[in-house]
Amino acid sequence: WSSDVCSSDLLLGLSHQADIILLQEHHMLSPNGLKFLLPYYSLAFSPAQPTVKTKTVQHTSGGVAILVSRRLYRVKHTDVAYRGHNWCATTVRMHKECDINVITSYIPHGHSAVGSTTMAQVHNFIHSFTLPYIWGGDYNREPEQFFSDTYMSPETCRIISPHGLKSTCH
């Protein structure tokens, strides 16, 4: 999340086009910075984690959110979203009786305990339902590395990424 890359104007522009927006690394301790979108979206929010505090600034790490267009229906039992450290999820009714879980997560670089915990929590969430799901996020790993680093398998999920994607993971 960076004010020069992702501004309120950009998000307001998306609000007229996107039914679901997944945010990762928003660095917010509260959802107040997204209040301007609440007329258009319902919100599932997981706060950033405080890290170093200087005299004038509280630095943070991570944080994720899901914005669901008010044109769609969030299933009643998930009005309070599921969430853990660096992930959150909600169930959305896409069409009549077609529900789907939508998950977003931020996985830190490397094989940290935080990343392993987040992956395990999301895996447990996914398998506690029989619903289809979409799991988007900032995984900080190459797409082909995902299966070896997670509890997921090619038999249970499919990775979709843009053709010719240049990874920034090193």
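These values consider heavy atoms only, across backbone and side chains, with no hydrogens, waters or symmetry-generated copies. Small disclaimer: the values here were computed from a predicted structure and weren't measured.
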> When the ring centroid of F129 is compared with that of Y133, is the distance short of 6.0 Å?
Replying inline: no

>> Measuring only between side-chain heavy atoms, which start at C-beta, is L72 closer than 4.5 Å to I20?
In response: yes

>> Can you confirm whether I107 sits close enough to M119 that some side-chain heavy atom of one is under 4.5 Å from a side-chain heavy atom of the other?
In response: yes

> Is there a donor-acceptor contact under 3.5 Å from the side chain of R71 to the main chain of Y40?
Replying inline: no

>> Can a donor-acceptor pair be found, under 3.5 Å and without considering hydrogens, that links the side chain of S69 to the backbone of D19?
In response: no

From [atom1] ([X]) to [atom2] ([Y]), nearest 0.5 Å:
X	Y	atom1	atom2	value
I103	T90	CD1	OG1	10.5 Å
I126	N101	CD1	CG	8.0 Å
H127	T130	NE2	OG1	12.0 Å

> Between T91 and D99, does a side chain to side chain donor-acceptor pair (under 3.5 Å) hold up when you go through it step by step?
Replying inline: CA-CA 7 Å; T91 304; D99 293 347; over 6 Å; no

>> Run the side chain to side chain contact (heavy atoms under 4.5 Å, CB included) test on L22 and V102 for me, step by step, so that the C-alpha distance in whole Å, both residues' side-chain angles and the decisive distance to 0.1 Å come before the verdict.
In response: CA-CA 9 Å; L22 307 179; V102 178; 3.7 Å; yes

For [X], enumerate each residue passing the side-chain contact (heavy atoms from CB on, under 4.5 Å) test, keeping only those at least two apart in sequence or located in another chain.
X	value
P31	L43, F45
S46	V64, R83, C88
P132	I100

>> Evaluate L37 against L67 for side chain to side chain contact (heavy atoms under 4.5 Å, CB included), listing each step before the verdict.
In response: CA-CA 8 Å; L37 289 170; L67 297 159; 3.7 Å; yes

Residues in side-chain hydrogen bond (donor to acceptor under 3.5 Å, both in side chains) with [X], at least two apart?
X	result
S61	none
S105	W135
T118	none

>> So if I apply the side chain to side chain donor-acceptor pair (under 3.5 Å) rule between Q24 and each of N140, D138, T104, which one comes out positive?
In response: T104

